[in-house]
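Before any comments, here is the structure.
Sequence lines set the chain letters: A, B, ... in the order given, protein chains first and strands last, and positions in each chain run from 1. What's counted below: heavy atoms across the whole structure, side chains too, no hydrogens, waters or symmetry copies.
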2 protein chains.
Amino acid sequence: MYTYQEMLSILNNGGYRLTDQRLSLLQVLETFGGSFSALDFEKKANEMEPSIGRATLFRAIDLFLEQGILEKIHRENGDDVYIVGSKGHHHHIICRDCGEIRDIDACPFEKELEEVIQREGFSSTIHRIEIEGICESCRKKGEGKN
Amino acid sequence: MYTYQEMLSILNNGGYRLTDQRLSLLQVLETFGGSFSALDFEKKANEMEPSIGRATLFRAIDLFLEQGILEKIHRENGDDVYIVGSKGHHHHIICRDCGEIRDIDACPFEKELEEVIQREGFSSTIHRIEIEGICESCRKKGEGKN
DNA sequence: CTTCATGCAAACCCTTTGCACGTCG
DNA sequence: CGACGTGCAAAGGGTTTGCATGAAG
């Protein structure tokens with residue numbers, strides 16, 4: 001997960017202006033532990049100065065996605081959520097309950113994927129792998145209740 | 001990919017009413033080769049009798065998804081599309097260009113997934129794997145042009 | 001006949017756009 | 001100063017809802 005400084009460098013190196021709004025949004029990103037919706041993001045952003053217009057927020061999200069500062073994740077329930085990005089090719093495992101997301105580095109599926117892609121004759125492929133389940137601490141909480 | 005008869009049985013066995021609208025929608029499903037949007041579905045459905053209200057269409061889609069008659073696929077560009085379902089656990093490889101979708105049966109990733117899930121301590125997991133690329137015939141078409 | 005399904009139109013929600021104004025570099 | 005970014009409010013577009021009507025079993 002990128003630090004504030006890394007995110008800032010990404011924007012700066014890309015030639016994007018470091019406006020108060022963008023810097024404020026980056027600060028907000030640092031405070032998220034797991035995944036969050038655009039609305040979560042907006043709410044938290046508007047607890048600080050300067051307040052951020054909806055349009056600006058969504059334009060920033062688009063920019064951050066393009067630059068890899070954010071990653072978009074599609075939940076089983078249909079919601080789109082975001083997480084702060086990180087370097088390299090990786091996938092995610094998400095807790096359905098608390099929303100925690102862990103990175104899975106070093107994609108363990110490369111070999112099998114390559115076989116499938118070869119067999120089907122596809123090229124220029126990208127793949128998306130998401131695992132959703134219940135994390136250990138949520139499972140323990142759940143057992144307490146039932 | 002389910003046949004008309006199989007889809008019909010699923011509804012029937014589930015105790016759902018076999019209304020003219022639902023039967024008509026199942027017939028439309030048979031005519032799709034690859035993926036389609038809700039709007040594609042509506043358009044094609046309304047070329048036949050009886051015509052189908054938007055609400056009914058979306059309620060039918062929900063029902064079909066629940067029953068596995070349809071599967072929802074999330075495209076890289078953010079669009080949701082549907083395909084006719086098929087039996088068992090499987091994944092998909094999608095052509096970005098023509099929308100063709102092939103089933104990948106016998107999930108080749110089980111072993112690696114199991115390792116990751118164990119390592120992270122998750123339970124009750126589901127996973128979603130989608131591969132997107134250019135299929136062979138679209139690649140050839142593309143080479144002709146460039 | 002009773003429950004489940006349909007159709008219409010309006011409501012909804014999140015996201016995007018147009019445009020005048022502001023500001024980073 | 002010029003290009004890029006912002007804010008507002010309104011439009012957009014796909015999906016969902018409320019409610020009266022209709023049909024399946």
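- A:N46 places a side-chain N or O within donor-acceptor distance of the main-chain N or O of A:I52, the cut-off being under 3.5 Å.
- Taking 4.0 Å as the cutoff to heavy atoms of chain A, we find the contact window on DNA chain C bounded by C:dT15 to C:dG25.
- The two residues A:R139 and B:S123 make their nearest non-hydrogen contact at NH1-OG, 2.9 Å.
- Of the possible polar contacts, one joining the A:N13 side chain to the A:S9 backbone as a donor-acceptor pair under 3.5 Å is found.
- Separating the CZ atom of B:F58 from the C1' atom of D:dG18 is a distance of 18 Å, rounded to the nearest angstrom.
- Per the geometry, CG belonging to A:D62 stands 15 Å off C1' belonging to D:dT6, to the nearest Å.
- Put simply, the side chain of A:R102 never gets that close to the backbone of A:H92: no donor and acceptor are under 3.5 Å apart.
- Against DNA chain D, the stretch residues 16-36 of chain B makes heavy-atom approaches under 4.0 Å through B:R17, B:L18.
- In terms of heavy atoms, B:F58 sits closest to B:A38 at CE2-CB, 3.8 Å.
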Legend entry - side chain to side chain donor-acceptor pair (under 3.5 Å) assessment of A:H90 paired with A:D105: CA-CA 5 Å; A:H90 60 277; A:D105 297 326; 4.9 Å; no
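- Relative ring orientation between B:F36 and B:Y82 is described as tilted, the plane-to-plane angle lying within the 30° to 60° band.
- Taking the six-membered ring for Trp, B:H91 and A:H127 have ring centres at least 6.0 Å apart.
- Mapping B:N12 and B:A38 onto DNA chain D via the closest heavy atom, the residue that lands nearer the 5' end is B:A38.
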Where do N or O atoms of nucleotides 8-11 of chain D meet protein N or O atoms at under 3.5 Å, pair by pair?
none

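- Using a 30° and 60° split on the angle between ring planes, A:F41 and A:F64 fall in the tilted class, from 30° to 60°.
- Distance A:D79 CG to D:dT16 C1': 15 Å, rounded to the nearest Å.
- For the pair B:R119 (side chain) and B:E114 (backbone), a donor-acceptor distance under 3.5 Å is absent.
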